[in-house]
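The next block holds one structure in the form of structure tokens; read it before the comments.
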Amino acid sequence: MEIISLIKEQIDDALKNIGITNLSEEYVVEIPPQDELGDFSSNISFILAKKLKKNPKIISQELSKELTKSSFFEKVENVNGFLNFFLSPNVYQRICSHIVSHPRNYGKIDIGKGKIIQFEFASVNPTGPLTVAHGRQAVMGDVIGNIYEQTGHIVQKEMYLNDAGRQIKLLARSLWVRYNELLGSHYEIPEDGYVGEYLIETAKIVLNKYGNSFKDKWNEEIENIFMEEAVEDMLNKMLHTLKRLDINFDVVFSEKLLFKNNIVDITLGQLKSKGYIYEKDGAIWFKVSDLIDENDKVLIRSNDKIPTYFCDDIAYHYYKYLRGFDQVIDIFGSDHHGHIPRMMASIKALGLPDDFLKIVLHQFVNIKKDGELVRMSTRKGEFYTLDELIDNVGKDAVRYFFAMVDPDTTLNFDVDLAIKKSNENPVYYVQYAHARICSIFKEAEKRGIKYERFLGLNDLNKNEEKMLLRELALFPNSLKNACLQFKPNLLTQYLEKVSSRFHHFYNSLSVLNAESYELMQARLNLCEATKIVLSRGLSILGVNAPESM
RNA sequence: GCGUCUGUAGCUCAAUUGGAUAGAGCGUCGGACUUCGGAUCCGAAGGUUGUGGGUUCGAAUCCCACCAGAUGCGCCA
């Protein structure tokens, strides 16, 4: 039951009745700017006006006359060409009973038709603690993944681990320096190495495990040990931090696996067979210029024959295809945007479907501390870690805060403010609405009132009740928009609107002291419906829906 | 230089993708029922949507130019 589509069905029927078929343009059914104007409105007349070269007011007059015949609407008005709908009371009743009878899956819609979708996010070099910027990406990926599950997709969440390559070697050497430091031997951390103090902790682990056997000794074997130890510890810490946010991955995919399974060679072979590969100056190149307006790129380096990051990434995505996903959605920071056209080109070159890969970007997080913006650099060891943020603000607020901002917007995070007044975060507003409803039901029980489902629903005709119900009816639509646009903030915004409508209703009408028994039951139903939407919405956001707070 | 994203109230963000009088929270000011939770509700102040043009019934949204910020243009990842 998705209210906007139902209204559109009514409009389409009316169009047919007045002889208008094959309308190709999309028209909109939405909520008018003022509640008094109607429950919903549509711009259909303007769309038709352009097409039929007729005055929109005349068209909406014709249409409103036709639509009034339907029992779906109490009345249909036309104001300045807009069609404004007032739903019949029985539609509101149906909404309420529908929600109450589907507590576990109200809002689900089938956009995906069971497609298997992989989400890749929070893929980082395991070279240091996660920062708040990573937190944004992790929450975003997790929430969009959840939304995809609600919209008829089968979702797998995966993290890619860059556990090979130059950065890791630098990390190993930096760790070794810290390890020697513990043993009283002093070396310089290499240029571009990792100076953050978190490596001291890791060094202690190595010291515990291996004793002083690597003191003042350095060779390839030792380097490998330090690489492994460093990556393991960093990964554990990262996963631990994410777990604190209730973010869990189905798969952590190691870069090393690409080589172990020969994926790089297989991918290169595939590209070669399609004619996109050539050799020059001892390196192997990808003919990007055949596909897009960009220079060719190196896949295998000339001096050490090691694949570039780009090459690995192509191989990784080809492997995703071989693993059988219908679609893959990557979530990257916006600094990767230059990577997108090349990746899309490689998808085409490999002969994969055009829509196989979708890359979603998000802007950065700036941290404001003591009134100043803090630049974050893992390498220099200057950052505000995600763990600190969770310590200070708590899981629910962190998740909500990151979900509530449009991914395209740079987020200025004022840490001091977030710590000082947690009310800054609207998550409490939504949670409070939920807790309040729970408390009504507790109070009802205390008074010996037995809640009766579906009773008295036709008494729900006050404006506050209708506005709340209308909002509840939009839940599926809100999930749909969030899904199609990859914007979790549409969901948080929606929940805030629902909460606002509820608080308003609560303050102007009494539930347990209603004028009649039937009306009280009706309002209890309305409360339950609201509770269902709030708790479903919050659970998709991964935020707790408390019974009391 | 070329490309991408952003610019909205003092601050943090919206605006159902071209709709009607641009909305919330925080902050400021003023109010609320001895009754279901005052983490709430109601009201006020606060805006030339970065600037200037254009497109049309209608623009924060689309097009052009400029200004400002972020970011990318490696045999780095």
Side-chain angles (χ1 to χ4, degrees), chain A residues 4 26 28-34 37 41-43 46 49-50 55-57 79-82 84 124-125 127 162 165-168 192 281-285 293-295 297-304 306-313 333-341 361-364 366 368 401 404-406 408-414 417-418 421-426 428-429 431-433 435-444 446-447 474 477-478 480-482 485 489-490 492-494 496-497 499-500 502-504 506-508 510-514 520 523 527 548-549:
Chain A
I4 304 261
E26 274 292 310
V28 176
V29 170
E30 61 186 349
I31 292 186
Q34 279 91 43
L37 287 172
S41 69
S42 177
N43 66 345
F46 294 104
K50 223 169 257 175
N55 189 330
K57 288 185 188 176
V79 181
N80 301 329
F82 286 94
N84 293 337
V124 291
N125 294 332
T127 53
N162 290 103
R166 184 172 159 270
Q167 299 304 323
I168 301 301
D192 293 339
D281 305 332
I284 293 180
W285 294 73
D293 187 22
E294 247 184 74
N295 294 333
K297 303 282 293 179
V298 167
L299 294 178
I300 305 287
R301 289 198 286 253
S302 57
N303 53 353
D304 51 12
I306 289 176
T308 59
Y309 161 78
F310 181 44
C311 179
D312 280 354
D313 217 26
S334 60
D335 53 338
H336 282 72
H337 73 256
H339 195 50
I340 297 179
L361 296 180
H362 66 89
Q363 292 291 325
F364 298 135
N366 292 323
K368 207 169 166 190
F401 198 94
M404 72 187 234
V405 186
D406 186 325
D408 281 338
T409 307
T410 307
L411 175 57
N412 291 316
F413 200 120
D414 190 329
L417 204 62
K421 337 184 228 313
S422 45
N423 270 6
E424 174 89 358
N425 197 317
Y428 302 106
Y429 184 76
Q431 286 183 322
Y432 184 61
R436 218 173 201 185
I437 294 170
C438 293
S439 133
I440 294 173
F441 279 99
K442 268 180 232 155
E443 178 66 21
K446 214 191 281 174
R447 296 189 192 181
L474 287 170
N477 194 255
S478 149
K480 180 178 153 197
N481 288 335
Q485 297 173 49
N489 57 311
L490 295 180
T492 60
Q493 231 169 283
Y494 168 75
E496 283 161 41
K497 193 73 193 171
S499 305
S500 161
F502 173 76
H503 286 309
H504 185 70
Y506 178 91
N507 272 282
S508 42
S510 179
V511 177
L512 297 179
N513 302 318
M520 175 186 74
R523 287 184 182 158
C527 285
S548 65
M549 51 195 286

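Chain identifiers are assigned alphabetically (A, B, ...) following the order of the sequence lines, protein sequences preceding nucleic acid strands; residue numbering begins at 1 within each chain.
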Fill in the blank from the handout: To the nearest angstrom, the CG-P distance between A:L37 and B:rU16 comes to 17 Å
Practice task
Rounded to the nearest angstrom, tell me the gap between atom NZ in A:K57 and atom P in B:rA20.
Solution key: 16 Å
Identify each atom pair where a protein N or O and an N or O of nucleotides 75-77 of chain B are less than 3.5 Å apart, giving names and distance.
residue, atom, partner, partner atom, Å
B:rC75, O2, A:S302, N, 2.7
B:rC75, O2, A:S302, OG, 3.1
B:rC75, N3, A:S302, OG, 2.8
B:rC76, OP2, A:R301, NE, 3.2
B:rC76, OP2, A:R301, NH1, 3.0
B:rC76, O5', A:R301, NH1, 3.4
B:rA77, OP1, A:R301, NH1, 3.1
B:rA77, OP2, A:Y309, N, 3.0
B:rA77, O2', A:N125, OD1, 3.1
B:rA77, O2', A:N125, ND2, 3.2

Fill in the blank from the handout: Nearest-nucleotide check on RNA chain B, A:S508 vs A:I31; residue mapping nearer the 5' end is A:I31
Handout entry: Which residue lies more 5' along RNA chain B, comparing A:H503 with A:L411 via nearest heavy atoms
Key = A:L411
Problem - Side chain A:N489 and base B:rA15 donor-acceptor under 3.5 Å - result: no
Handout entry: Any N/O donor-acceptor pair, A:N513 side-chain to B:rU35 base, under 3.5 Å
Key = yes
Exercise for the section: Can you label the angle between the A:H339 ring and the A:H336 ring as parallel, tilted or perpendicular, going by 30° and 60°? Expected result: perpendicular
Exercise for the section: Would you mind telling me which of B:rC13, B:rA15, B:rU16 lies closest to the side-chain atoms of A:N412? Expected result: B:rC13
Which whole number of Å gives the distance between the [atom1] atom of [N] and that of [M]?
{"N": "B:rU35", "M": "B:rA15", "atom1": "C1'", "value": "38 Å"}
{"N": "B:rA68", "M": "B:rG31", "atom1": "P", "value": "47 Å"}
{"N": "B:rA22", "M": "B:rU48", "atom1": "P", "value": "12 Å"}
{"N": "B:rU34", "M": "B:rC11", "atom1": "C1'", "value": "39 Å"}

Handout entry: A:D408: partners by salt bridge (Lys or Arg N to Asp or Glu O under 4.0 Å), with sequence neighbours left out
Key = none
Problem - Set of residues satisfying salt bridge (Lys or Arg N to Asp or Glu O under 4.0 Å) with respect to A:D293, sequence neighbours excluded - result: none
Across the strands shown, which category fits [X] at heavy-atom distances under 4.0 angstrom: base, sugar-phosphate, nothing?
{"X": "A:D293", "value": "nothing"}
{"X": "A:V405", "value": "sugar-phosphate"}
{"X": "A:S439", "value": "base"}
{"X": "A:P32", "value": "base"}
{"X": "A:A49", "value": "nothing"}

Practice task
Would you please confirm or rule out a distance under 4.0 Å between OP1 or OP2 of B:rG38 and any side-chain N or O of A:R436?
Solution key: yes
Exercise for the section: Look at A:Y429 and B:rC41 and indicate whether a side-chain polar atom (N or O) is within less than 4.0 Å of OP1 or OP2. Expected result: yes
Listed pairs, N/O of protein and of nucleotides 57-62 of chain B, under 3.5 Å:
residue, atom, partner, partner atom, Å
B:rG58, O6, A:K50, NZ, 3.3

With sequence neighbours left out, write down each residue that passes ring pair (Phe, Tyr, Trp, His ring centres under 6.0 Å) with [X], or none if nothing qualifies.
{"X": "A:F401", "value": "A:F413"}
{"X": "A:H503", "value": "A:Y429, A:Y432"}
{"X": "A:F441", "value": "A:Y451"}

Practice task
Output all residues satisfying side chain to side chain donor-acceptor pair (under 3.5 Å) with A:E30, sequence neighbours left out; order by chain, then residue number.
Solution key: none
Handout entry: Ring-face cation contact, A:Y506 with A:R436, 6.0 Å cut, 45° max
Key = yes
Problem - Per-nucleotide protein contact string for nucleotides 4-11 of chain B (B base, S sugar-phosphate only, - none; heavy atom under 4.0 Å) - result: BSS-----
Handout entry: All side chain to side chain contact (heavy atoms under 4.5 Å, CB included) counterparts of A:N481, not counting sequence neighbours
Key = A:N477, A:Q485, A:L490
Problem - Each stem that RNA chain B is part of, given as range with range (3 or more consecutive Watson-Crick or G-U pairs, under 3.5 Å) - result: B:1-7 with B:67-73, B:10-13 with B:23-26, B:28-32 with B:40-44, B:50-54 with B:62-66
Using a cutoff of under 3.5 Å, can you pull out all pairs of nitrogen or oxygen atoms linking the protein to nucleotides 47-51 of chain B, with atom names and distances?
none

